[in-house]
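Below you'll find the structure, written out as structure tokens, and then a few comments.
Ligands are counted one by one from 1 in listed order, and the atoms in each one are counted from 1 as well.
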Amino acid sequence: MIWAKEESLPRAELEQLQLARLKETVKRVYDKVPAYRIKMEENGIKPEHVQSLEDLKNLPFTNKKDLRDNYPFGLFTVPKSELVRIHASSGTTGKPTVVGYTRKDLKVWTELVTRIAVLGGATKEDVAQICFGYGMFTGALGLHYGLENLGASVCPTSSGNTQKQIMYMKDFETTLLVATPSYALHIAEVAKNMGIDPATDLKVKIGLFGGEGMTEPMREEMYKLWGRNMKVTQNYGMSELMGPGVSGECLELKGMHINEDHFIPEIIDPATGEVLPQGFKGELVITCITKEALPLIRYRTKDITRLMYEPCKCGRTTVRMENLSGRSDDMLIIRGVNVFPSQIEEVLLKTSEIGPHYEIIVDRKNHLDTMEIKVELVDDTLLESYARLEELNKKIHGNLKVVLGLDANIKLVAPRSLQRFEGKAKRVTDLRNLS
Ligand code: DLL
């Protein structure tokens, strides 16, 4: 099923719609937000200069700093009295970025999340358990409203209290799980410890995962834990843009369909800001073309991906974004080599003797960058054989060297000894800037 006809418009028709909405949005921010007007004037741009989608590239970028500089409501195009919801993304440093929604924005958000749920195989028959933390994070309420709109029975269990989550899952016969991939792994592990096999003793058949990346080996791990016939998809979004609802995978699992009638994507070279030709990998930049309260123009997401315009077998015509390689600000530079944590995860998870939990610790010793990777064994028995541990250590070291071109110090640790996460995982600690 395709939820909205806009998901399968012929491209010419879609682009016509995008252009009309883009023009309206640019005029709106120019007229209503001094910070936008000043930036556009500095670049010699007026709303009437936007006459085609090609002209988008002449508009100035917006980035997180603009939101912070105008904290909390300075980039909003409506008075506070028009807002019906406020969320914030909690950055680790500095002020959070604040986002707001008018009543119309909430309606659109709900519809777009319903599209994402349908992409992942959800129907009104589902009992959906939302295991994202409720609060200022957009994930929980976003999925909540979208799934309710579809007609599913939504259980707002939030994150944490994992044993109780599993009790509800069993008693309510939950069929659909919303969580970060890390938390979904943790839930399955706790269930096993309770003597419940998620694949056979629970009824969860759909996993709508998001809020952080899920590599292909991690998806494979989900099938192993939750059962081969689980529909495992991921979806992408960002508070500043709306929250979840920007894009999601269909069951073909060939990238995430962007809701292009509401968001125009571009891929740029993060270093120069140049728009890259179709098919190139770079930083995703998104322009919101239907938001009322906070329509961001050319927002630099820092997320690294590629856009795929080839038709998808599912029948939707919207462009797909490849599963993210990571964020440009997550990229580690180790002895001059660019390393994304997702590359490390891909290698680790292909090794059957170790589980999906790992920690990367980067440091500098004697002016040289070092990288230690702690990985958990799946099975205690290996701990009894020094020779087998050595052999495994060498294997992982060698595989990482092939992919990264770097020597990493591998530390094999006992099963269940690394930290678990109920929301987004934090797997990298970079100690270099602390000393
Ligand atoms: O994570 C919105 C969301 C919630 C999307 C739930 C999907 C499901 P923020 O907290 O603002 O918003 O974090 C946004 O999370 O820039 C990405 O770096 C990362 N991210 C979100 N979804 C994915 C994904 C929500 N599927 C930041 N794959 C984004 C990889 C993701 N990274």
Any chance OH of Tyr309 has more than 12 other-residue heavy atoms, nucleotides or ligands included, within less than 6.0 Å?
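Yes.
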
Does the side chain of Ser89 come under 3.5 Å of the side chain of Thr97 through a donor N or O and an acceptor N or O?
yes

Exercise answer: donor-acceptor pairs, residues 243-256 side-chain atoms, under 3.5 Å, sequence neighbours excluded:
residue : atom : partner : partner atom : Å
Glu249  : OE1  : Arg219  : NH1          : 3.1
Glu249  : OE1  : Gln234  : N            : 2.7
Glu249  : OE2  : Arg219  : NH2          : 2.7
Glu249  : OE2  : Asn323  : ND2          : 3.4

Write none if no such pair exists; otherwise list each N/O atom of ligand 1 with its protein N/O partner under 3.5 Å and the distance.
residue  : atom   : partner : partner atom : Å
ligand 1 : 1 (O)  : Lys424  : NZ           : 2.8
ligand 1 : 10 (O) : Lys424  : NZ           : 3.0
ligand 1 : 11 (O) : Ser239  : N            : 3.0
ligand 1 : 11 (O) : Ser239  : OG           : 2.6
ligand 1 : 12 (O) : Ser239  : N            : 3.4
ligand 1 : 13 (O) : Lys424  : NZ           : 2.8
ligand 1 : 15 (O) : Gly211  : O            : 3.4
ligand 1 : 15 (O) : Lys424  : NZ           : 3.2
ligand 1 : 16 (O) : Asp303  : OD1          : 3.4
ligand 1 : 16 (O) : Asp303  : OD2          : 2.6
ligand 1 : 16 (O) : Arg327  : NH1          : 2.9
ligand 1 : 18 (O) : Asp303  : OD1          : 2.7
ligand 1 : 18 (O) : Arg327  : NH1          : 3.3
ligand 1 : 20 (N) : Gly211  : O            : 3.4
ligand 1 : 22 (N) : Gly211  : N            : 3.2
ligand 1 : 26 (N) : Gln234  : OE1          : 3.2
ligand 1 : 26 (N) : Asn235  : O            : 2.8
ligand 1 : 28 (N) : Glu212  : O            : 3.4

Enumerate the ring pair (Phe, Tyr, Trp, His ring centres under 6.0 Å) contacts for residues 116-155, please, sequence neighbours excluded, ordered by first and then second residue.
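As it turns out, the ring pair (Phe, Tyr, Trp, His ring centres under 6.0 Å) pairs with a partner in residues 116-155, which skip direct neighbours, are Phe132-Phe137, Tyr134-His144.
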
What residues form a side chain to side chain contact (heavy atoms under 4.5 Å, CB included) with Tyr168, not counting sequence neighbours?
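If we apply the side chain to side chain contact (heavy atoms under 4.5 Å, CB included) test to Tyr168, skipping adjacent residues, the hits are Gln129, Thr157, Lys164, Phe172.
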
If you measure from the Lys or Arg side-chain nitrogens to the Asp or Glu carboxylate oxygens, is any gap between Lys424 and Glu212 under 4.0 Å?
no

